There are 4 protein chains.
Amino acid sequence: MSQEKTEQIFQAAVEIFAQHGFERSKMDEIARHAGVAKGTIYYHFKSKEELFVALMNNRMEKIKEMLNRCMSDTDDPVKQLRNLLEMMVTYLVQNGTFAKLLISEAWGSVERQWEFRARIRELVDIIERVIHRGISQERFYPSNESDTSFSIFGAVSVLVLQEVFRDPQTQSISEERISQMVDSIEQMVYQGVVISGYQE
Amino acid sequence: MSQEKTEQIFQAAVEIFAQHGFERSKMDEIARHAGVAKGTIYYHFKSKEELFVALMNNRMEKIKEMLNRCMSDTDDPVKQLRNLLEMMVTYLVQNGTFAKLLISEAWGSVERQWEFRARIRELVDIIERVIHRGISQERFYPSNESDTSFSIFGAVSVLVLQEVFRDPQTQSISEERISQMVDSIEQMVYQGVVISGYQE
Amino acid sequence: MSQEKTEQIFQAAVEIFAQHGFERSKMDEIARHAGVAKGTIYYHFKSKEELFVALMNNRMEKIKEMLNRCMSDTDDPVKQLRNLLEMMVTYLVQNGTFAKLLISEAWGSVERQWEFRARIRELVDIIERVIHRGISQERFYPSNESDTSFSIFGAVSVLVLQEVFRDPQTQSISEERISQMVDSIEQMVYQGVVISGYQE
Amino acid sequence: MSQEKTEQIFQAAVEIFAQHGFERSKMDEIARHAGVAKGTIYYHFKSKEELFVALMNNRMEKIKEMLNRCMSDTDDPVKQLRNLLEMMVTYLVQNGTFAKLLISEAWGSVERQWEFRARIRELVDIIERVIHRGISQERFYPSNESDTSFSIFGAVSVLVLQEVFRDPQTQSISEERISQMVDSIEQMVYQGVVISGYQE
DNA sequence: GATGAATGAGGCTTCATTCAT
DNA sequence: AATGAATGAAGCCTCATTCAT
């Protein structure tokens, strides 16, 4: 059935694309990895570019659903932000290969970066909505909501990627380490680093 | 004189590499941009790869010097961190082209990523040293120093890159906008986003 | 079918390589000569070098078979040597293009010469075995078998190549001329040039 | 003085050319080997081609003189042939690098081969003249003089080259081994390999 | 006379894409 | 639906040659 082959190809593609980046990834290698003939990829996707875009669309839906779902438990922005941070870290760790792809191509060649920045913007928007409500409800300090959201996104993604790709072999990051990273981020995002009394 | 040509080539190279990424950048275009013949590049650098590496080495020295210098004014970690944040934002804005290159290749193809992650680590180390002293002097909350440093680096770099490449034409970001970004970051890093009383 | 294209390419390759030598032969020209696209060669052979090596292997088998076969008629070393000389001259004349390639590259650039010398050694070995048996059976004068074999090989190959490439157009050497060359070689190899009585 | 530089360049050139063949030899390497700047070669020779031709002319004179000189001792063709064989083997061993160049280029690319074959022809002519007089004086068996001369030349050159380049390091071939090779060749050329009584 | 930085035409190789089966 | 042999445009790199000093 067609659906199967397509998913086979997607799975091979994320790995290869994430490993080498778009340009260095070869259709030959993706085909071999997927266990199909090169022609088969072209039967399902018009071009390398289109395969890539379809792949991103497919994977993006999942992460957005997941992030939105994790906020439905509660209406408290503080808790929602905490959930969000936890979920992002967890997702990025578990799908490091896709995460890396997302980030690297976003700052990659000008030809594809708009598409990716738009996608990243979608994720940041989810954060921003929480921040916005937090400020409205006077639970968060007033601030430039957009800047803050990007900063949080940056902090999370760079920290996690750094960890995920610290060692090429180690794909396994312990639950414990994940908690630790969430804590580090939370501490900074929630209370900052500077001990208040001393400020100024 | 040789030094001149080399710098000409470097300047052309940062732009082209940052615009298209390593793979899509063509030696032809770099040569044209630099106003030299293609062979001239190969007279000075053994390969595209080597040009790239030499370029990164050359540009990294400058930013490291700059960051180290901006901390020599004072011994107060709080002030040093502030200086660092200001300087990083300013530098990244002014050299967005190099900054983007650094970030994008760090998460790019495995072939070059180790080199780049090592370089990013050097920058993060500068932050980490300040954090470390801040904690030792009980000016900063105790925390995982390394994680915090990476988070700060991530927050700054993603925020700035997002701004710099928001619009391909606009290379000019106002002084005012820079201050605003520094403030956003500082606010988050110094006091966090959550109003303390409400926490938990 | 794949076998066909490969043989097409081989045939074009012997000619072009023999005409210009390895270095001056252009893949473009080989492709054009073979009536295939340049990429097709690279689909079947990893590189120019590999095409060359594969070609030599392919052609060497044929000549070795032929030489071995021509000795199976008889056990008389004198007759075997005569057959060998005849066959070598005939083969070299008919496949002058390959013969030339073999000889020229054997003394060509160090990079490939070992491979070729090893191949020539295989041919010389066939001669040497006959010489050896001839001496054992007291039909040939005792001598340094290896030296003698190389000398015979040198005499045959240089004489024939000289004839084949005397005139670039004339690819046709008459049966008669072939006999004559075989006779010249045989006379020298069998009885020497000096009239015995006069010797010293 | 100009003469010095020219000879320096010649010496570097024979080595490099003999090692890699004409095509793979780089002017850069010749210059470095000669201890002069690349431009200097072009000051003395119009092109790589011209350097090559000049080099061959220069070295050919020496060998022809030598061969002609070694026959002036005696009028006996048998002795002259013996001298010739000895001298050729000795020369080829001592100037293996030039010898190899001569042979390899003679069967090399069609572009230069005519020039080289003409040169080889000059050497063979020296042999042929001896053969001719030997036959006239009824000291040698009547035969195709030209074929016999080429065969002798082929036997000598292939045997010696094989020996010289048997091992890349060993440039030193003992006096003894030289005598042995001369003997092997002489035996074959003078009396042949087949014991007369048995012939047919 | 001598130098070596600069040049650019030319060659090898890669790889996305096509298409006949 | 699937295949994989064939294609050729495009890019990296080499290296003989030039020329200003």
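Every chain is numbered from 1 and lettered A, B, ... according to where its sequence line falls, protein lines coming before strand lines. Treat the numbers as computed from the prediction; the structure is a model and nothing was measured.
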(request) Round to a whole Å and report the spacing from CZ of C:Phe45 to C1' of E:dC12. (result) 16 Å
(request) Nearest whole angstrom, please: distance from the C1' of E:dA16 to the CD of B:Glu23. (result) 15 Å
(request) For a side-chain contact (heavy atoms from CB on, under 4.5 Å) with A:Leu101, tell me which candidate from A:Glu15, A:Met56, A:Gln19 qualifies. (result) A:Met56
(request) Starting from P on F:dT14, measure out to NE2 on B:His44 and report it in whole angstrom. (result) 15 Å
(request) Take atom CG of D:Asp28 and atom P of F:dC13, then tell me their distance rounded to the nearest Å. (result) 18 Å
(request) May I ask you to list the residues of residues 46-55 of chain B, by number, that have any heavy atom positioned under 4.0 Å from an atom of DNA chain F? (result) B:Ser47, B:Lys48
(message) Between C:Lys38 and C:Asp28 (side chain of the first, backbone of the second, donor and acceptor by atom type, cut-off under 3.5 Å), is there such a pair?
(response) no
(request) Show the numbers, then the answer: is there a side-chain contact (heavy atoms from CB on, under 4.5 Å) between B:Phe45 and B:Thr6? (result) CA-CA 9 Å; B:Phe45 304 95; B:Thr6 298; 3.9 Å; yes
(message) Checking the side chain of D:Ser25 only, and the main-chain atoms of D:Ile16 only, is there a donor and an acceptor separated by less than 3.5 Å?
(response) yes
Please list, pair by pair, any protein nitrogen or oxygen found under 3.5 Å from a nitrogen or oxygen in nucleotides 7-10 of chain F.
{"residue": "F:dT7", "atom": "OP2", "partner": "C:Ala37", "partner atom": "N", "Å": "3.1"}
{"residue": "F:dT7", "atom": "OP2", "partner": "C:Thr40", "partner atom": "OG1", "Å": "2.0"}
{"residue": "F:dG8", "atom": "N7", "partner": "C:Gly39", "partner atom": "N", "Å": "3.2"}

(message) Just the rounded figure in Å: distance from C1' of E:dA2 to CD of D:Glu4.
(response) 14 Å
(request) Figure out the CD1/P separation between A:Ile30 and E:dT14, and round it to whole Å. (result) 18 Å
(message) I'd like to check D:Leu102 versus D:Ile63 (side-chain heavy atoms, cut-off strictly below 4.5 Å). Are they in contact?
(response) no
(request) Measure from the side-chain N and O atoms of D:Lys5 to the backbone N and O of D:Ile41, and report whether any donor-acceptor pair falls under 3.5 Å. (result) no
(request) Would you kindly give the CZ-to-P distance between A:Arg24 and F:dC12, to the nearest whole Å? (result) 12 Å
(request) Let me know the distance between CD of D:Gln8 and C1' of E:dA2, rounded to the nearest Å. (result) 12 Å
(message) Just to be sure I understand: a Watson-Crick pair is purine N1 to pyrimidine N3 plus N6-O4 or O6-N4, both under 3.5 Å. Using that and G-U wobbles, which stems of three or more pairs involve DNA chain E?
(response) E:2-21 with F:2-21
(request) State, without any angle test, whether C:Gln8 and C:Glu4 hold a side-chain donor-acceptor pair at a distance under 3.5 Å. (result) no
(request) Taking the six-membered ring for Trp and the single ring otherwise, decide whether the centroids of C:Phe10 and C:Phe98 are under 6.0 Å apart. (result) no
(request) Answer yes or no: is there an ion pair linking B:Glu122 with B:Arg119, defined by an N-O contact shorter than 4.0 Å? (result) yes
(request) Indicate yes or no: does B:Glu7 engage B:Arg59 in a salt bridge with an N to O separation below 4.0 Å. (result) yes
(request) Return the orientation label for the D:Phe22 and D:Phe17 ring planes: parallel under 30°, perpendicular over 60°, tilted otherwise. (result) parallel
